[in-house]
Amino acid sequence: MIGYVNKVIPMSVVDGPGNRTAIFFQGCNFNCKYCHNPETINHCIHCGKCIEVCPTGALEKREGRVHWDKEKCVDCDRCLGACPYNASPKIYTYTPQELAKEVEKSIPFIEGISTSGGECTLQYEFLTEFYKEVKKLDLTVLTDTNGGLDFEEERFQDFVNSTDGFMLDIKAWDEEEHRELTGKSNEMVKKNLAYFTKIGKLEEIRCVCLSHLDNKKTIEEAAKVIKKWGNIEDISIKIIQYRHFGVREEFRNLSAPRKEEMEEYYHFAKELGFEEVILI
Ligand code: SF4
Ligand code: SF4
């Protein structure tokens, strides 16, 4: 079994609690306008358009596929800018055991791993095997997800059981806002919010705030669901001010709420009962 990985950050303090190895998987089922790493959205179709912009000859076509030579690469990212498909030629492939070996290098500096993307759960069968290997290392396992798949389905049960907790993005509570922003309905996200809370596996929710979204409604409605099915004081909320760094040129017109509004969201979340509110 092979996992397609865009990047491994050996030690991160922003991807879940404590110091963690963060692994970003390739491929996503949403297409968020504010995506900060749009090159993780699609898998490479080997069109070869990026080869000509590479200044070091790190990319070449062999038998119809684009190969990336890591040793020659200087990480200038010109290939990412040249790709018309929101993909990357710089992809690592691992077996679950190989990726666990990579994680092992950061012990004893980490308390666990977080998987993200892209949308890492699209590779849930790989994750299930990988998590079993990571558990042998006595590390905790958290999954960052956009909540777009139906995790209550039978096929996901091994995966859900192998995960210690989920960090769920709630991009907008309003259906129209969510569709406009991500290209997808939020019906499944709401279902997963209730499900993860019920089974005691919701670790954190994340809301990215844009000036034209009803951010308060998103925070308030999410809190209602959490209170209905679990203890809000046990769940963290990360309230993130939109930043345009890394966002595709055509979506640079999005704007962030003012600092005072962000502070208002912070106090609002506290009033609703969240104990850990992280404003970014
Ligand atoms: S990031 Fe690496 S592969 Fe991509 S263009 Fe630059 S040197 Fe070439
Ligand atoms: S990364 Fe993009 S431009 Fe390069 S070969 Fe793949 S699809 Fe084509």
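Order of appearance sets the numbers: ligands from 1, and atoms from 1 within every ligand. In what follows, residues are counted from 1 in the order of the sequence shown.
Taking backbone and side chain together, Cys73 holds an N, O or S atom under 2.8 Å from atom 2 (Fe) of ligand 1. Among the atoms of Cys79, none of the N, O or S atoms falls under 2.8 Å from atom 6 (Fe) of ligand 1.
Closest to atom 8 (Fe) of ligand 1, if we only count protein heavy atoms, is Cys54 SG, 2.4 Å. Atom 1 (S) of ligand 1 has as its closest protein heavy atom Asp77 N, 3.1 Å. Shortest contact from atom 6 (Fe) of ligand 1 to any protein heavy atom: Cys76 SG, 2.3 Å. Regarding atom 5 (S) of ligand 2, its nearest protein heavy-atom neighbour is Gly48 N, 3.2 Å.
Annotation for ligand 2: atoms under 4.0 Å from non-hydrogen atoms of Ile45 are 6 (Fe), 7 (S). Taking every heavy atom of Cys83 and a limit of under 4.0 angstrom, the matching atoms of ligand 2 come to 1 (S), 2 (Fe), 3 (S), 7 (S). Short contacts between ligand 1 and Thr56, defined as distances under 4.0 Å to a heavy atom of the residue, involve ligand atoms 7 (S). Atom numbering of ligand 2 starts at 1 in the shown order; those under 4.0 Å from a heavy atom of Tyr85 are 7 (S).
Across all non-hydrogen atoms, the minimal contact from Glu133 to Ala100 is CB-CB, 3.6 Å.
Ring orientation note: the planes of His36 and Tyr242 are tilted relative to one another, at an angle of 30° to 60°. Using cut-offs of 30° and 60° for the angle between ring planes, the Tyr4 and His43 rings count as perpendicular. Using bins of under 30°, 30° to 60° and over 60° for the plane-to-plane angle, the ring pair Phe156/Phe159 lands in the perpendicular bin.
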Val141/Leu127 under side chain to side chain contact (heavy atoms under 4.5 Å, CB included): CA gap, chis, key distance, verdict
CA-CA 10 Å; Val141 168; Leu127 291 185; over 6 Å; no
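Salt bridge Arg258/Glu260: present, at least one basic N to carboxylate O contact under 4.0 Å. Under a 4.0 Å N-O distance rule, the pair Glu98/Lys101 does not qualify as a salt bridge.
Between Cys47, Cys50, Gly81, Cys44, it is Cys50 that holds the heavy atom closest to atom 4 (Fe) of ligand 2.
When heavy-atom distances to ligand 1 are checked against a 4.0 Å cut-off, Val74 comes that close through both its backbone and its side chain. Counting heavy atoms closer than 4.0 Å to ligand 1, residue Asp75 contributes backbone atoms (N, CA, C, O) but none from C-beta onward. Here Lys90 has side-chain heavy atoms under 4.0 Å from ligand 1, and that is the only part of it that gets that close. Counting heavy atoms under 4.0 Å from ligand 2, residue Val66 touches it through the side chain alone. Contacts of Ala82 with ligand 2, taken as heavy-atom pairs under 4.0 Å, are absent altogether.
Within the 3.5 Å criterion, the main-chain N or O of Val66 finds a donor-acceptor partner in the side chain of His46. In terms of modelled atom types and a separation under 3.5 Å, the side chain of Gln241 and the main chain of Pro257 share a donor-acceptor contact.
Between Glu39 and Ser88, the side chains place no donor N or O within less than 3.5 Å of an acceptor N or O (distance only, hydrogens not considered).
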